[in-house]
Novice: 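Provided herewith is a single structure, encoded as structure tokens, for subsequent inquiry.
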Number of protein chains: 4
Amino acid sequence: MTETKEHIPAYQRRKADRPVEILQAALEEFHAHGYAGAKPDRIAKRAGVSRSTLYLYFDNKDALFEAVAEKAMGTFVDEIAESTISFTGTTEELVRQLLERFYDMILTTKNSAMMRILIAEGPSRPELVRRYHALVIRKGHVALEKIVARGIERGEVRKSAATTVPQLLIAPALFFLIHKMVFGDLEELEVESYLTAHLDMLFNGIGVKMRA
Amino acid sequence: MTETKEHIPAYQRRKADRPVEILQAALEEFHAHGYAGAKPDRIAKRAGVSRSTLYLYFDNKDALFEAVAEKAMGTFVDEIAESTISFTGTTEELVRQLLERFYDMILTTKNSAMMRILIAEGPSRPELVRRYHALVIRKGHVALEKIVARGIERGEVRKSAATTVPQLLIAPALFFLIHKMVFGDLEELEVESYLTAHLDMLFNGIGVKMRA
Amino acid sequence: MTETKEHIPAYQRRKADRPVEILQAALEEFHAHGYAGAKPDRIAKRAGVSRSTLYLYFDNKDALFEAVAEKAMGTFVDEIAESTISFTGTTEELVRQLLERFYDMILTTKNSAMMRILIAEGPSRPELVRRYHALVIRKGHVALEKIVARGIERGEVRKSAATTVPQLLIAPALFFLIHKMVFGDLEELEVESYLTAHLDMLFNGIGVKMRA
Amino acid sequence: MTETKEHIPAYQRRKADRPVEILQAALEEFHAHGYAGAKPDRIAKRAGVSRSTLYLYFDNKDALFEAVAEKAMGTFVDEIAESTISFTGTTEELVRQLLERFYDMILTTKNSAMMRILIAEGPSRPELVRRYHALVIRKGHVALEKIVARGIERGEVRKSAATTVPQLLIAPALFFLIHKMVFGDLEELEVESYLTAHLDMLFNGIGVKMRA
DNA sequence: AATGAATGAGTGTTCATTCAT
DNA sequence: AATGAATGAACACTCATTCAT
């Protein structure tokens with residue numbers, strides 16, 4: 001059935017590209033306007049197709065949204081989880097590497113879009129929240145736990161109240177993400193010094209240590 | 001608490017109560033559904049009035065939203081800023097007190113509603129973002145800076161990379177807020193141990209200190 | 001006079017005045033905005049009473065409108081009809097007098113309000129049109145016919161095609177009325193010279209008469 | 001023509017027809033109910049489309065109204081203005097021709113619709129009034145002035161009070177228009193005899209001329 | 001007699017979606 | 001595969017009207 005219609009105009013866009021383009025356009029739209037505020041009209045325009053074409057690939061706005069969410073719940077966590085396993089350096093180096101990638105991801109926006117969507121639409125989409133939790137949060141938690149355990153084993157990390165809540169490792173990064181997302185236009189947090197401060201606090205705390 | 005009150009006849013209720021009830025109902029609705037998803041219909045029902053009564057007190061959905069936001073941009077920051085001035089104990093005690101109040105506020109939900117609204121509607125409401133930034137973020141930042149400066153002065157806080165970014169003091173609390181807001185139904189973070197861990201990390205860091 | 005009266009306390013005002021004031025206010029409102037565009041709210045304000053008071057005197061907007069119309073279908077025609085009977089001067093004097101009063105009435109606006117209402121609302125109010133026709137148009141027609149007949153009898157008016165349509169006597173005045181009503185703000189027709197011209201055309205025509 | 005067309009499926013009809021059909025339907029609706037009373041619902045039904053299709057072609061009710069008005073402020077005046085220039089007969093013939101066309105136009109209803117709209121909506125649409133005045137009234141005035149001047153030049157028209165107000169030439173026709181519009185259902189003015197009478201009065205007046 | 005508070009029915013308009021081509 | 005044209009259902013909002021006082 002591919003050969004029958006060979007009278008396609010000069011620009012030959014591949015059929016397979018369409019869904020990808022639409023998903024990308026939709027992610028941007030959902031990020032910018034939230035679910036309810038997102039207009040198929042605009043998604044179509046962004047994707048360079050007609051409004052009706054959207055419905056050729058996705059049953060409806062909701063299905064499109066789910067597809068977008070699915071795609072965005074990406075591979076990030078898996079990647080860092082894997083890279084942790086083979087890491088051979090110190091915990092500080094490991095965490096620094098992890099956080100560098102994390103802040104980098106934040107600045108790449110795509111996943112922050114997902115975060116916004118999740119926060120905004122969560123209450124009306126428990127299933128989406130459940131999936132995200134299973135695919136991202138839980139896995140992330142496990143990965144962080146491993147890092148901490150490894151650190152303790154290696155004598156680089158204190159076994160303490162702080163280390164019972166491994167999320168604290170990345171909590172400041174979420175703050176950074178939210179801040180950038182909401183107040184980014186008004187006041188930019190400089191990522192490098194923020195990261196430095198983050199690591200400093202993480203490893204050394206802010207308190208003055210008095211040791212004999 | 002979303003119950004629909006109905007039994008007291010309209011004419012017996014006092015006019016002055018109306019805006020308060022409506023604002024409360026609207027806050028809940030905006031929190032639950034975001035701006036676009038919020039239906040005047042439901043707000044009215046929640047407030048125990050008819051749809052048109054809403055418009056007796058607020059010009060339109062937008063005005064209602066602004067009023068809700070205004071009200072929620074509460075006095076919290078001012079209160080803690082003030083209480084810091086007169087504090088006489090150690091920095092650790094001061095920060096503990098601050099965070100206890102902060103986590104308490106989070107669990108009181110109202111302000112987390114505001115946070116969700118801000119994250120979700122921010123892109124389409126720069127003015128709201130600007131006001132929140134001026135009223136809450138900026139003031140909060142100043143208050144945190146003072147705490148850090150006071151700590152350094154008193155020799156309780158290290159002058160370090162970490163202390164150049166005073167937001168780090170409360171960053172983990174925002175993580176807690178977001179987590180509770182989005183994943184609260186799936187996995188509860190126990191506030192007391194989280195707070196303990198937060199403080200531990202904040203003051204001591206997670207790293208093993210080796211001093212001579 | 002469209003001022004909103006306010007200073008006299010309600011209890012001092014006489015009950016009997018209320019309907020009159022309301023009708024006056026309603027006439028102005030209907031004149032200014034048409035039936036559909038007229039708002040009970042504004043009528044009440046103009047009349048210096050509360051919205052609900054309107055409904056104390058008139059069942060609903062429609063009834064109020066009918067009452068206004070009724071009142072405006074005034075006595076004007078009857079008056080001029082009567083004054084014609086007793087007139088003893090020439091036809092030209094009679095017609096001049098009639099038209100002077102007619103133009104005067106036009107400039108007093110109240111009846112032009114009625115005309116506007118009739119034109120605008122006529123299609124949806126056949127009954128109103130019927131009543132106006134019976135009370136004003138028909139009577140006016142009869143009065144004009146009498147004037148013409150009297151003129152012919154007295155040898156002051158030609159029996160001609162023109163005199164078979166007695167409405168022609170006042171037709172130019174309606175033009176004046178409409179013009180003032182619609183374009184009055186843009187281009188004022190000076191009433192005195194218009195009246196002079198009207199009478200001149202009426203009695204002499206514009207044509208050059210060539211008689212042997 | 002108020003019939004609702006239904007049988008031709010929407011997709012078979014041609015896009016170009018839509019605005020024309022809608023405008024026609026809207027003219028009828030505005031004519032029948034005034035601006036405020038006109039319901040998009042009914043316009044759509046009259047035009048044989050769905051309510052939302054209206055908004056595909058016109059931004060809103062107001063824009064639709066303006067388009068209707070624009071279209072109705074037709075070419076009539078220009079046409080008669082032009083035809084006057086080349087006319088070679090007597091003034092009486094010229095005026096008769098003009099009036100015949102004028103009365104014919106009146107009976108064709110479309111422009112009388114415009115007149116009703118103008119009278120009814122004028123107060124709340126000064127801009128519309130201004131445009132109509134510029135496009136129709138002013139031009140008409142100039143055209144009438146030319147006719148009178150030509151008549152005087154040719155010795156067929158008296159230079160007199162009457163001829164200083166050229167609107168008097170068509171004033172009786174406006175009376176006819178209004179009468180037909182408002183009272184047409186109750187009492188028909190027979191156009192031919194009315195026109196004859198109109199011309200008679202115009203040229204000869206109603207007065208008895210006594211010349212030596 | 002008069003009104004402040006409230007509302008149900010309806011308004012113009014938008015939106016996600018469909019359908020014949 | 002892709003679309004221009006069209007629409008039903010829902011939306012935020014207004015309005016004439018009611019009702020207990």
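Within every chain, numbering begins at 1; the chains are lettered A, B, ... in the order of the sequence lines, protein sequences first and strands thereafter.
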Novice: Find the distance B:I43:CD1 to F:dA12:P and express it as a whole number of Å.
Specialist: 9 Å
Novice: Rounded to the nearest 0.5 Å, how far does CD of A:E29 lie from NZ of A:K39?
Specialist: 8.0 Å
Novice: Take A:N60 and D:A38, find for each the nucleotide of DNA chain E with the closest heavy atom, and name the residue whose nucleotide sits nearer the 5' end.
Specialist: D:A38
Novice: C:K61 NZ to F:dT18 P: how many Å, rounded?
Specialist: 14 Å
Novice: From the list E:dA16, E:dG8, F:dT18, which nucleotide is the closest neighbour of the side chain of B:S50?
Specialist: E:dG8
Novice: Would you please enumerate the stems DNA chain E participates in, each stem being three or more consecutive Watson-Crick or G-U wobble pairs with both distances under 3.5 Å?
Specialist: E:2-21 with F:2-21
Novice: I'd like to know whether B:H31 forms a side chain to side chain contact (heavy atoms under 4.5 Å, CB included) with B:M114, so could you lay out the CA-CA distance, the side-chain angles of the two residues, the decisive distance to 0.1 Å, and finally the verdict.
Specialist: CA-CA 7 Å; B:H31 178 53; B:M114 190 59 212; over 6 Å; no
Novice: Select from D:D59 and C:S52 the residue whose nearest nucleotide in DNA chain E is closer to the 5' end of that strand.
Specialist: C:S52
Novice: Any side-chain N or O of B:Y55 under 4.0 Å from OP1/OP2 of E:dA6?
Specialist: no
Novice: Which atom names give the shortest non-hydrogen contact between D:R46 and D:E28, and what distance separates them?
Specialist: CD-OE1, 3.5 Å
Novice: Measure CZ/A:R18 against C1'/F:dA2 and give the value in whole Å, please.
Specialist: 9 Å
Novice: How long is the span from the OH atom in D:Y132 to the CD atom in D:E127, to the nearest 0.5 Å?
Specialist: 15.5 Å
Novice: Could you state the atom-to-atom distance from CG of D:D62 to P of E:dT11 in whole Å?
Specialist: 18 Å
Novice: Can you identify which nucleotide, out of E:dA16, E:dA1, F:dC15, has its nearest atom closest to the C:K39 side chain?
Specialist: F:dC15
Novice: Do the side chains of B:L128 and B:F65 get nearer than 4.5 Å, heavy atoms only?
Specialist: yes
Novice: Could you give the CG-to-C1' distance, from D:L54 to E:dT11, as a whole number of Å?
Specialist: 14 Å
Novice: What heavy-atom pair brings C:I43 and C:A25 nearest, and what distance separates the two atoms?
Specialist: O-CB, 3.6 Å
Novice: Distance check needed: F:dC15 P versus C:Y35 OH, whole Å only.
Specialist: 14 Å
Novice: For F:dA6, take OP1 and OP2 only and decide whether either is under 4.0 Å from a side-chain N or O of D:T53.
Specialist: no
Novice: Name the closest nucleotide to the C:V49 side chain, picking from F:dT18, E:dT3, E:dA16.
Specialist: E:dT3
Novice: Please give, in whole Å, the distance from F:dG4 P to A:K45 NZ?
Specialist: 11 Å
Novice: With heavy atoms under 4.0 Å as the rule, sort D:L56 into base, sugar-phosphate or nothing.
Specialist: base
Novice: Please state whether the phosphate of F:dA5, meaning OP1 or OP2, lies under 4.0 angstrom from any side-chain nitrogen or oxygen of D:Y57.
Specialist: no
Novice: Rounding to an integer number of Å, can you tell me how far C:R51 CZ sits from E:dT7 C1'?
Specialist: 12 Å
Novice: Can you say whether the rings of B:F30 and B:Y35 are parallel (under 30°), tilted (30 to 60°) or perpendicular (over 60°)?
Specialist: parallel
Novice: For A:A44, report the nucleic acid contact type (base, sugar-phosphate, nothing); a contact means any heavy atom under 4.0 Å.
Specialist: nothing
Novice: If you measure from CG on C:D59 to CG on C:L54, what distance do you get to the nearest 0.5 Å?
Specialist: 11.5 Å
